Amino acid sequence: GSNPGDAATVAEEASRSPQPQDIMCSRSRRWRRRQSPVISPALLLAVVVLFISPASALRGAIQQQQDSLVTVTDDASGVTTDSGGSGTGATLISYTKCGLDGPGESGSDGLGPSGHNSDWTIVSQDNDGQYRNLPEALEAGHTQIYIKDGTYEISSSVIVGKHNRHLKIRGESRENTILKFTGDYSFLVIFDTEDISISQLTLDAKHANEQSERMWEVIGVVSSSDVSIVDAIVFTSPKMYGIFFAGPSNRYADGQETIDAYNAGDLDRGNMVENTIIYSDYEGDALTFTMQRDGRVNNNKVTKGGISLFMNIDTTCNQNTVLESETYGIFVTVPARNVYIQDNKIIRSRNSGIKLTRQIDHKSEETGEILTPKTYRAGGIKLTGNQIFDTHFLGIEIDQTHQAIVTHNSISRTDYSGIFIQDSDHISIQNNRIEDFGVGDDREELMKWNEDHNAGIYGDANINGANISNNIIIDFLSHGTRYGIKIANPNAFVENVGCVVSQNIISGDYSHEEISTPPTTVQEDNSIIS
């Protein structure tokens, strides 16, 4: 699935002066905090390790020099908290705020054809800039850095910390400004800062960390807000996530601490990834948003990896294309509120196209039980206008929602059900088109499942008050699917009452029934076409 393991970052003991080989990571331990020593200007900041897992709430950062250790403090400056929910949707971030009015565009602060604007520091391989590589320009404290076309090899982690606030890094062109990572650990780490813009460049880490036993990141962002990654290209290695926003996870332990932080609204805010291409060589998540508020994941193209949103509020995930993910196409965990998944294209994922379920990694230390109870219901969830094709499990899975809206989605060629729902109150499933589902009978199934739970739309357990209407459900190829629409009958474990199934069009050859519902369900004006 989308859960590659419980990875975390751990430093060696503070009494040592660590070298790169001393930086370790663990799959079950959180980052240790230490007071930051005074940094000598002569010392080179070498590595910050950001290590996170979609399966846990994620941790923090390690900053290393050759002779002294720069560590993360508990300073939470720059993170805005807000425990309330407006219910009005995600706040959108303007392109101006994200620094997209820089070099190469018209305007007073751009680079014109006649020369360079003095506000921008130029990085160039051709001796016509102030610096020849990005780390030098960052070390000098510049806040507007323009990188001319060329391939720049970088052998150690690039650090953007609290001293780099209000920073713009922009390439001359997305395809030809190439930062090639030849080192180990994470490539670009953004930690404890705000108002950072990365745009119009390629980050190539295809051959980084090839011998590592642990996961790293091409871009890792922790405890930072108003960070934008726009018009970029990212290449990962098998040991690297593509883009990983960890939220304020360095400040909280797994378990109740993280759940309490979410409930208090202590999330990173205003972060975005837009118009970016990720080529993933890792079999899990390529783009991850964890503990985010007012976030945007829009208009991106992800190949061979999935998109995950863990414990988000007021976040949009719109108009992305996910191709041949080795896991889910888009994976969303609750608790969550006002998460909008719209107009995405998900093609040939090896698990479900879109899955929404509870965050299982935060458990009680006393009982081991998952802290998000099965009675929790996420509000403000919308899945609309998505196109899902040729997935090797379900089309859409929805769990633990209240008044979720699932409309105008197109789902074709799923191994099992097109839409599967459980533990969701008053869900609206309308105007979807589902065809050629249940094709697992005709090809090798990657995920095994109970084939009796196989329908165009299947309501499994506790979907009280569901409205299933105006959907078109067609099995053109007559795969012998069990049902067109199925709502399970109530029993000691299942309570499915007050549902309405109306004005649906169902065609195909079903081995059981076109529509099968409990007696408490209202069926009206459905059309069965044989």
Side-chain angles (χ1 to χ4, degrees), residues 1-4 52-55 174-175 186-188 198-206 208 215-221 227-246 271-290 292 295-310 312 315-333 339-356 383 385-393 395-397 409 411:
S2 67
N3 188 345
I52 331 163
S53 168
R174 182 170 72 169
E175 290 77 14
S186 296
F187 186 179
L188 173 60
I198 311 293
S199 64
Q200 284 198 194
L201 45 74
T202 293
L203 292 95
D204 181 355
K206 289 193 295 290
M215 291 299 300
W216 308 95
E217 299 78 25
V218 180
I219 302 175
V221 184
V227 175
S228 67
I229 301 168
V230 179
D231 289 319
I233 300 174
V234 174
F235 292 91
T236 84
S237 75
K239 293 296 183 178
M240 300 187 81
Y241 304 106
I243 300 174
F244 210 129
F245 282 78
N271 294 318
M272 63 184 288
V273 182
E274 289 196 337
N275 302 320
T276 289
I277 300 172
I278 303 175
Y279 297 99
S280 178
D281 203 10
Y282 165 59
E283 295 182 354
D285 296 332
L287 198 168
T288 301
F289 251 41
T290 297
Q292 302 291 316
R296 294 170 64 180
V297 180
N298 298 339
N299 299 300
N300 303 291
K301 180 178 179 181
V302 178
T303 300
K304 295 291 187 181
I307 297 174
S308 290
L309 309 177
F310 295 94
N312 277 237
T315 293
T316 66
C317 181
N318 297 346
Q319 297 182 320
N320 302 285
T321 299
V322 181
L323 299 173
E324 298 182 337
S325 170
E326 297 292 329
T327 174
Y328 303 94
I330 297 174
F331 187 84
V332 182
T333 68
V339 176
Y340 307 136
I341 313 294
Q342 300 180 24
D343 298 325
N344 300 283
K345 296 180 181 179
I346 301 167
I347 301 170
R348 290 190 293 275
S349 65
R350 293 175 68 85
N351 207 307
S352 297
I354 298 173
K355 180 169 183 174
L356 189 146
L383 282 66
N386 300 288
Q387 300 178 47
I388 300 171
F389 175 76
D390 201 19
T391 62
H392 281 278
F393 195 38
I396 294 175
E397 293 183 67
N409 301 286
I411 302 169

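Counting from 1, the numbers follow the sequence of the chain as shown. No experiment lies behind these values; they were computed from the predicted model shown. All values below come from the heavy atoms of this structure, side chains included, with hydrogens, waters and symmetry mates left out.
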Notebook entry, point to check: Would Q342 and T316 count as a side-chain contact (heavy atoms from CB on, under 4.5 Å) if you check the C-alpha gap in whole Å, the side-chain angles of each, and the deciding distance to 0.1 Å?
Noted result: CA-CA 8 Å; Q342 300 180 24; T316 66; over 6 Å; no
Notebook entry, point to check: How far apart are the C-alpha atoms of V273 and F289, what are their side-chain angles, what is the distance that settles it, and do they pass the side-chain contact (heavy atoms from CB on, under 4.5 Å) test?
Noted result: CA-CA 10 Å; V273 182; F289 251 41; 4.0 Å; yes
Check: Can you list the steps and then say if I396 with I411 is a side-chain contact (heavy atoms from CB on, under 4.5 Å)?
Finding: CA-CA 8 Å; I396 294 175; I411 302 169; 3.9 Å; yes
Checklist line | Criterion side-chain contact (heavy atoms from CB on, under 4.5 Å) on L309 and I341, from CA distance to verdict | finding: CA-CA 10 Å; L309 309 177; I341 313 294; 3.8 Å; yes
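Rounded to the nearest 0.5 angstrom, S325 OG and E283 CD are separated by 10.0 Å. How far OH of Y279 is from CG of L323: 9.5 Å, rounded to the nearest 0.5 Å. With rounding to the nearest 0.5 Å, the separation of CD1 in I229 from CD1 in I219 is 4.0 Å. Rounded to the nearest 0.5 Å, atoms CD1 (I198) and OG1 (T276) are 10.5 Å apart. To the nearest 0.5 Å, atoms CD1 (I277) and CZ (F235) are separated by 8.0 Å. Here D343 contributes atom CG and Q387 contributes atom CD; the two are 8.5 Å apart, rounded to the nearest 0.5 Å.
Proximity of a side-chain donor or acceptor of T202 to a complementary backbone N or O of R174 within less than 3.5 Å is detected. Side chain of D231 to backbone of S199: no donor-acceptor contact under 3.5 angstrom is found. A donor-acceptor pair under 3.5 Å is absent between the side-chain atoms of S228 and the main chain of M272, judged by distance alone. In this structure, the side chain of N299 does not engage the main chain of E274 through any donor-acceptor pair within 3.5 Å. Judged by distance alone, the side chain of N409 and the main-chain N or O of L383 form a donor-acceptor pair under 3.5 Å. Side-chain N or O atoms of D285 include none that pairs as donor or acceptor with a backbone N or O of G306 at under 3.5 Å.
Take K206 and apply the salt bridge (charged side-chain N to carboxylate O under 4.0 Å, His left out) test, not counting sequence neighbours, and it matches D204.
The minimum heavy-atom distance linking A286 with G305 is given by the pair CB-CA, 3.9 Å. The shortest non-hydrogen separation linking M240 to E217 is CE-O, 3.0 Å. Counting all heavy atoms, side chain and backbone alike, I243 lies closest to I278 at CD1-CD1, 3.9 Å. Across all non-hydrogen atoms, the minimal contact from H392 to R350 is CB-O, 3.7 Å. When all heavy atoms of N275 and N300 are compared, the closest pair comes out as N-OD1, 3.2 Å. The two residues I330 and C317 have their closest heavy-atom pair at CD1-SG, 4.0 Å.
Ring planes of F331 and Y328: tilted class, angle from 30 to 60°.
The side-chain heavy atoms of D281 and P238, taken from C-beta on, include a pair separated by under 4.5 Å.
N344 pairs in a side chain to side chain donor-acceptor pair (under 3.5 Å) with only one of the listed residues (N318, N386, N298), which is N386.
Donor-acceptor pairing under 3.5 Å is lacking for the side chains of Q292 and T315.
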